[in-house]
Amino acid sequence: MRVIEPKELRKRPAKRKHRHLVRLFVMFVLAMAVLGGTYTAMAYNRALPSTSPELVAGAIPAQNISLPWPSYGQASIGAQGYGVLASSHDGLAVPIASVAKVMVALAVLRQNPIVPGQQGPLITISAHDVDLYQQAAAQGGSVVAVEEGEQISEYQAMQALILPSGNNMADTLAIWAFGSVDAYLTYSNNLAKSLGMASTHLADASGFSPETISTATDLVRLGGAALQNPVLAEIVAQQQADIPVAGTVYNTNFLLGQDGIIGIKTGNTSDAGGCYLFAAIRDVAPGQHITVVGSILGAPSLGVAMRDALPLLDAAYQGFGQITVVKSGQTIANYSLPWGTHVPAIAQKALTIFGWRGATYKPSIGLLPLQQPHSAGYEVGTIGVDSAAGRQTVPVVLSDTTSTPSGHWRIFH
């Protein structure tokens with residue numbers, strides 16, 4: 001039997017301790033390797049961060065449309081589907097004379113609509129209506145002869161109101177439809193506000209009062225609303241009509257039928273001067289029929305106002321045409337990916353609309369963020385613009401293929 005010396009007894013525990021430390025170290029290295037591998041795998045395969053686009057495309061500025069504004073008074077021009085296009089100046093509200101009768105016609109037709117092609121209900125002329133006729137004639141205003149007991153259809157009364165511009169018929173229609181002139185004025189002033197005619201105040205039905213005031217811009221809005229009523233649009237375009245008692249009456253708008261003019265109303269008093277609310281329809285391009293509405297107030301005479309409306313119409317129509325909102329291949333936005341790739345997003349094709357070149361067009365852009373690499377031509381959204389023809393859009397695509405992030409970037413980001 002071997003006897004273990006004390007020195008050997010001291011060495012064995014030291015060796016065991018050394019081996020134990022080695023095992024712990026090996027286990028630590030293996031654990032770190034596993035953890036590191038797990039992290040590397042997770043980092044490499046994790047979802048890439050989302051990148052939002054930086055928009056580049058902006059609004060298309062308005063072009064300068066030269067319009068021959070009259071040197072007197074105020075004027076405005078607009079178009080159906082486009083609203084008010086331009087005005088000579090903002091202007092204060094001024095008397096509008098018989099142009100106010102357009103509001104009478106519109107209000108009465110809203111209160112008592114007529115089916116196109118029909119005459120509407122009959123109106124029996126009373127002794128009071130005859131008094132209204134005599135009072136208007138005594139004031140020197142335009143009138144339409146009536147007789148007590150006469151029956152005239154609503155449609156014929158509208159013709160007598162608009163064509164020869166009968167002041168007495170404005171009051172007769174207002175009372176017939178609303179019960180009194182005051183009730184009509186309450187209704188019509190509220191209607192004016194609803195049409196956006198913020199500077200308009202109606203103090204009488206016929207417009208003979210200088211307190212019935214408006215602006216050229218407000219009257220363009222009124223004219224547009226009038227043309228949307230098919231019965232009223234038909235009447236303002238008539239050159240003459242046959243009505244009871246008065247017989248054949250003629251439209252004071254002698255420009256009807258010239259240069260596409262289809263209405264709307266003339267006016268002339270010593271306080272208002274010459275006033276003209278006019279409209280025309282022309283073909284400005286294949287398939288493009290534009291109805292322009294304009295107004296001139298405060299002219300030296302009605303003849304001068306009507307004369308100056310023609311060059312204003314011509315210039316307004318020249319302001320319509322094709323507008324390129326976005327060119328094909330134009331950069332709409334940029335994607336700056338976090339791993340160093342810069343990729344433009346471009347319009348896949350040109351976006352061209354027909355419209356008023358004097359307007360500013362602001363396109364709306366809807367683009368998606370990028371979360372992973374894509375090839376060139378990948379659609380990231382659209383760019384569009386609203387016009388009178390509706391909303392038009394074109395796709396927006398990547399101009400180049402986005403690079404894949406390196407393994408180093410994936411692991412350390």
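When a residue number appears, it is its place in the shown sequence, counting from 1.
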Check your understanding: With a cut-off of 6.0 Å (strictly less than), are more than 12 heavy atoms of other residues, nucleotides or ligands near CD of Q151?
Key ->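 Correct, the count exceeds 12.
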Exercise for review: Take atom CD of E147 as the centre, draw a 6.0 Å sphere, and report whether it contains more than 12 heavy atoms from other residues, nucleotides or ligands.
Suggested key: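 No, the 6.0 Å shell around CD holds no more than 12 heavy atoms from other groups.
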Any donor-acceptor pair under 3.5 Å from [X] side chain to [Y] backbone:
| X | Y | result |
| --- | --- | --- |
| D271 | P210 | no |
| Q74 | A216 | yes |
| E234 | V231 | no |
| S295 | L219 | no |
| Y361 | V385 | no |
| T324 | K327 | no |
| S165 | I162 | no |
| S206 | F208 | yes |

Just by distance, with hydrogens left out, do [X] and [Y] show a side-chain donor and acceptor under 3.5 Å apart?
| X | Y | answer |
| --- | --- | --- |
| T291 | Q80 | no |
| T217 | S87 | yes |
| T200 | S214 | yes |
| Q238 | Q159 | yes |
| D171 | Y184 | no |

Practice item. Please report the C-alpha distance between D314 and R282 in whole Å, then the side-chain angles of each, then the deciding distance to 0.1 Å, and finally whether the salt bridge (Lys or Arg N to Asp or Glu O under 4.0 Å) criterion is met. Key: CA-CA 10 Å; D314 291 338; R282 297 182 188 175; 2.9 Å; yes
Can you check whether [X] reaches [Y] side chain to side chain, under 4.5 Å on heavy atoms?
| X | Y | value |
| --- | --- | --- |
| S142 | N168 | no |
| M197 | L222 | yes |
| L132 | T172 | yes |

Practice item. Under the side-chain contact (heavy atoms from CB on, under 4.5 Å) rule, collect the residues that match up with R110, sequence neighbours excluded. Key: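 Once residues adjacent in sequence are excluded, the partners of R110 under the side-chain contact (heavy atoms from CB on, under 4.5 Å) criterion are L106, Y187, L191, L195.
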Check your understanding: So, W356 versus Y82, ring centres under 6.0 angstrom or not?
Key ->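 Ring centres of Y82 and W356 not closer than 6.0 Å.
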Review point. Is there any side chain to side chain donor-acceptor pair (under 3.5 Å) pair reaching into residues 239-260, and which pairs are they, with sequence neighbours excluded?
Key: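 Only D242-T248, T252-T266, N253-Y276 qualify under side chain to side chain donor-acceptor pair (under 3.5 Å).
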